[in-house]
Amino acid sequence: QVQLVESGGGLVQPGGSLRLSCAASGVSFTRYTMAWFRQAPGKGRDFVAARRYGGTSTHYAESVKGRFTISRDNAKNTIYLQMNNLQPEDTAVYYCASTSTGILSTIRQKDAYQYWGQGTQVTVSS
């Protein structure tokens, strides 16, 4: 049974940093693609970043490229999202997701992911 549990959200001022964690059970990073999505109030769930199975490649939304970094700790079976230079438009609920398919052409599509965490709130405000 796959379980994803996010943590690390909170309130931060513009320009600040946060690191989100996603503790995964029932998945193997060598066979599962892991990703982060976010959903702002009144909007759809958008792709943020993904790390393809086996760590073969990483992918980012244009809006976060250069500011966010997705990484993993195999020993802890945990995925991280380091977020730097946060801006008010980054305010959202952030979700960890995983998929066993890992098809490159669909890696940014939320419908490609079978498993989701409960989400963690990130608020960027002065």
Side-chain angles (χ1 to χ4, degrees):
Q1 183 180 358
V2 176
Q3 189 171 23
L4 305 174
V5 180
E6 303 99 332
S7 61
L11 174 65
V12 63
Q13 292 186 342
S17 298
L18 278 176
R19 189 179 77 160
L20 305 183
S21 300
C22 172
S25 58
V27 302
S28 166
F29 292 158
T30 60
R31 294 188 293 112
Y32 281 73
T33 291
M34 305 296 297
W36 289 95
F37 286 75
R38 67 186 181 185
Q39 187 164 13
K43 296 189 177 181
R45 193 169 296 190
D46 295 328
F47 172 78
V48 175
R51 189 177 184 99
R52 202 160 174 229
Y53 61 87
T56 51
S57 62
T58 54
H59 307 264
Y60 295 94
E62 284 299 318
S63 59
V64 308
K65 198 173 290 185
R67 300 188 298 126
F68 290 11
T69 302
I70 186 171
S71 62
R72 72 184 188 195
D73 184 330
N74 290 338
K76 296 182 178 179
N77 226 40
T78 298
I79 290 286
Y80 302 100
L81 184 68
Q82 178 66 42
M83 306 185 294
N84 298 328
N85 190 23
L86 283 160
Q87 300 301 318
E89 53 266 33
D90 296 315
T91 295
V93 177
Y94 283 71
Y95 296 91
C96 178
S98 68
T99 177
S100 59
T101 57
I103 300 172
L104 192 55
S105 62
T106 61
I107 203 167
R108 297 168 184 264
Q109 299 175 16
K110 61 181 183 294
D111 292 342
Y113 292 82
Q114 296 95 24
Y115 308 103
W116 293 85
Q118 82 288 350
T120 186
Q121 177 70 47
V122 172
T123 302
V124 185
S125 175
S126 55

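- Listed by first and then second residue, the disulfide bond (SG atoms under 2.5 Å apart) pairs involving residues 51-94 amount to none (not counting sequence neighbours).
- With hydrogens and angles ignored, the 3.5 Å screen pairs no side-chain donor or acceptor of Q1 with any backbone N or O of G26.
- Within the structure, salt bridge (charged side-chain N to carboxylate O under 4.0 Å, His left out) contacts touching residues 30-47 (residues at least two apart or in different chains) are R38-D90.
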When you look at S17 and Q82, which way does the side-chain contact (heavy atoms from CB on, under 4.5 Å) test go after all the steps? CA-CA 8 Å; S17 298; Q82 178 66 42; 4.0 Å; yes
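- By the side-chain hydrogen bond (donor to acceptor under 3.5 Å, both in side chains) test, T91 pairs with no residue at all, sequence neighbours left out.
- Inspection of the T69 and S71 side chains reveals no N or O donor paired with an N or O acceptor under 3.5 Å.
- When the side-chain hydrogen bond (donor to acceptor under 3.5 Å, both in side chains) test is applied to Q3, no partner is found at least two apart in sequence or on another chain.
- Alongside M34, the hydrophobic cluster contains V2, L4, V12, L18, L20, V27, F29, Y32, W36, V48, Y60, V64, F68, I70, I79, L81, M83, L86, Y94, Y115, V122, V124 (criterion: ILVMFWY side chains under 4.5 Å).
- Within the structure, no pair that satisfies the salt bridge (charged side-chain N to carboxylate O under 4.0 Å, His left out) test touches residues 68-81, not counting sequence neighbours.
- Annotation: salt bridge (charged side-chain N to carboxylate O under 4.0 Å, His left out) contacts involving residues 52-63, sequence neighbours excluded, comprise E62-K65.
- For the pair T99 (side chain) and T33 (backbone), a donor-acceptor distance under 3.5 Å is absent.
- Annotation: salt bridge (charged side-chain N to carboxylate O under 4.0 Å, His left out) contacts involving residues 100-116, sequence neighbours excluded, are absent.
- Listed by chain and residue number, nothing satisfies the side-chain hydrogen bond (donor to acceptor under 3.5 Å, both in side chains) test with S7 (two or more places apart in sequence, or in another chain).
- Annotation: side-chain hydrogen bond (donor to acceptor under 3.5 Å, both in side chains) contacts of S57 (sequence neighbours excluded): H59.
- Residues S125 and P88 have side chains not in contact (no heavy-atom distance under 4.5 Å, counting atoms from C-beta outward).
- Listed by chain and residue number, F47, Y113, W116 satisfy the ring pair (Phe, Tyr, Trp, His ring centres under 6.0 Å) test with F37 (two or more places apart in sequence, or in another chain).
- Contacts classified as disulfide bond (SG atoms under 2.5 Å apart) and involving residues 19-105 (residues at least two apart or in different chains) are given here: C22-C96.
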